[in-house]
Amino acid sequence: MPTAIAVTSTDLVLPPTDPGTPQAAVLPPPGTRSLDASLADMQQLLARYGHVVVVCPTAVPAAVEHRLHAVRALLESDRIALVRTDLPPLGAAVLVRQLRQLAGCDFSPGVLASAARLLAHYIYAGAVLGSVSRLDRVPVSLGSHLKGWLPGAHFAVLAGPTPQIVRLGSRSGSASGSASASGSRSASGSRSSSGGESLAGPEFATELLLARGQLQTDWPTTTLVPRWRIPGPVHEVPLPASSPDWWGTGKLVEFAAYLPDPSVLYQLVSSVRRETCHWCGMELIGDRCGFCAAPLPPAAPPSDPGTRALGTGPRAHALGPGAGAHALGPGAGAHALGPGVGAHALGPGAGAARPALP
């Protein structure tokens, strides 16, 4: 029986990529649903699926989060996982669809819930903005704020996995006078052919999803696609209703680059070492349980002082960009969880490595 994936808004439900992708359950907001009705909705999901993973963006109103905690507390159920994500609306919707794809596989509910943190590191979510004056979810330098007052100024903003802001030129869309929010650069896409800074892109094959707002620009398709070496067509969906609030302006084009192949996602998650939560007993990957949020206890010191310390193993590091990097091939991430994590490389032709999902 697949684990149910629930969301707090219809904005988080993208069209399935194939008929086998399970649907997501949409939990109505507290303003339109009584507490008793919300309890009945969750009880129905638990009775049908056994476990429920609720993806709740950190940007949702406080009342939504309070309702979810109230429902879980009143039901006294340890089969409801509340997964928080800092991704912008379109990136969060991509994460939800990937969890839906994996829900039909043989992963346990605990692994599926904790896998959200890993998958989020492989979603390059951003937007082209007409202004950054009201952007407060990505670090904005003073220089970028001042340049935002210039006529015709546009900015390419990457919210994750590494925040970055680049001012776009008015004619070609190339970067000029840019400011990086994090100061870090990737080996792929950190510099444009004209010598200006550009958004750091993924080092693995992705597809691009677009959602157009009120800003008239083709920069994502004409500049970002070739720079990030994105093959195939660019898919477009309606702009999520929460995107203008998240980005601080309605003059935007939101985008997200992501891993589209379910078999790659499967091997990415399955390559990470699994643990058992000492508190609730659920299976997990990483350093924190997706259901009860309990951290893994510190690794016991080695009995032999001459043996290698266990501090670099999965217990000591949160899921990061390199947690399953070996599943994507060389260069996919720099910080692995530890020795042996993701030991089964997919390499070229990753999509054909597993012709059918379990």
**Student:** Using the test side chain to side chain contact (heavy atoms under 4.5 Å, CB included), find all partners of Val157 that sit at least two apart in sequence or belong to another chain.
**Tutor:** Leu129, Val132, Leu135, Val138, Phe155, Ile165, Trp247

**Student:** Answer with yes or no after comparing the ring centroid distance for Phe255 and Tyr124 against a 6.0 Å cut-off, counting only values under it.
**Tutor:**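 Centroid separation for Phe255 and Tyr124: 6.0 Å or greater.
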
**Student:** Sequence neighbours excluded, which residues qualify as side-chain hydrogen bond (donor to acceptor under 3.5 Å, both in side chains) partners of Thr8?
**Tutor:** none

**Student:** Would you mind listing every side chain to side chain donor-acceptor pair (under 3.5 Å) that reaches into residues 70-84, with sequence neighbours excluded?
**Tutor:** Glu65-Arg84

**Student:** Run the numbers on Asp261 and Ser263 for side chain to side chain donor-acceptor pair (under 3.5 Å), then give the verdict.
**Tutor:** CA-CA 5 Å; Asp261 193 337; Ser263 65; 2.8 Å; yes

**Student:** Taking only residues two or more places apart in sequence, or in another chain, which ones meet Thr10 in a side chain to side chain contact (heavy atoms under 4.5 Å, CB included)?
**Tutor:**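 Testing Thr10 for side chain to side chain contact (heavy atoms under 4.5 Å, CB included), a comparison that skips the adjacent residues, returns Val26.
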
**Student:** What residues, two or more places apart in sequence or in another chain, satisfy side-chain hydrogen bond (donor to acceptor under 3.5 Å, both in side chains) together with His235?
**Tutor:**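 His235 satisfies side-chain hydrogen bond (donor to acceptor under 3.5 Å, both in side chains) with Glu207 only.
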
**Student:** Residues in side-chain hydrogen bond (donor to acceptor under 3.5 Å, both in side chains) with Ser38, at least two apart?
**Tutor:**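 For Ser38, the residues satisfying side-chain hydrogen bond (donor to acceptor under 3.5 Å, both in side chains) (neighbours in sequence not counted) are Arg67.
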
**Student:** With sequence neighbours left out, write down each residue that passes side-chain hydrogen bond (donor to acceptor under 3.5 Å, both in side chains) with Thr276, or none if nothing qualifies.
**Tutor:** none

**Student:** Under the side chain to side chain donor-acceptor pair (under 3.5 Å) definition, can you give me all pairs with a residue in residues 88-97, not counting sequence neighbours?
**Tutor:** Arg97-Tyr258

**Student:** With a 6.0 Å cut-off (strictly less than), is the heavy-atom count around CD of Glu236, excluding the residue itself, greater than 12?
**Tutor:**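 Above 12, so yes.
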
**Student:** Go through the structure and list residues passing side chain to side chain contact (heavy atoms under 4.5 Å, CB included) with Asp218, not counting sequence neighbours.
**Tutor:** Arg212, Thr221, Thr222

**Student:** Give every residue pair that meets the salt bridge (Lys or Arg N to Asp or Glu O under 4.0 Å) criterion with at least one member in residues 13-34, sequence neighbours excluded.
**Tutor:**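 Residue pairs passing salt bridge (Lys or Arg N to Asp or Glu O under 4.0 Å), neighbours aside: Arg33-Asp41.
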
**Student:** Per the salt bridge (Lys or Arg N to Asp or Glu O under 4.0 Å) rule, what does the pair list look like for residues 237-255, sequence neighbours excluded?
**Tutor:**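 Found none.
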
**Student:** Would a hydrophobic clustering, with Ile, Leu, Val, Met, Phe, Trp and Tyr connected at side-chain separations under 4.5 Å, put Leu296 with Trp279?
**Tutor:**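 No; tracing contacts between hydrophobic side chains, which count when under 4.5 Å, never links both residues.
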
**Student:** Hey, mind stepping through Leu119 and Leu102 against side-chain contact (heavy atoms from CB on, under 4.5 Å) and telling me if it holds?
**Tutor:** CA-CA 11 Å; Leu119 297 177; Leu102 295 177; 3.8 Å; yes

**Student:** Go through the structure and list residues passing side chain to side chain contact (heavy atoms under 4.5 Å, CB included) with Ala59, not counting sequence neighbours.
**Tutor:**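 Counting only residues at least two positions away or on another chain, Ala59 forms a side chain to side chain contact (heavy atoms under 4.5 Å, CB included) with Arg137, Trp246.
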
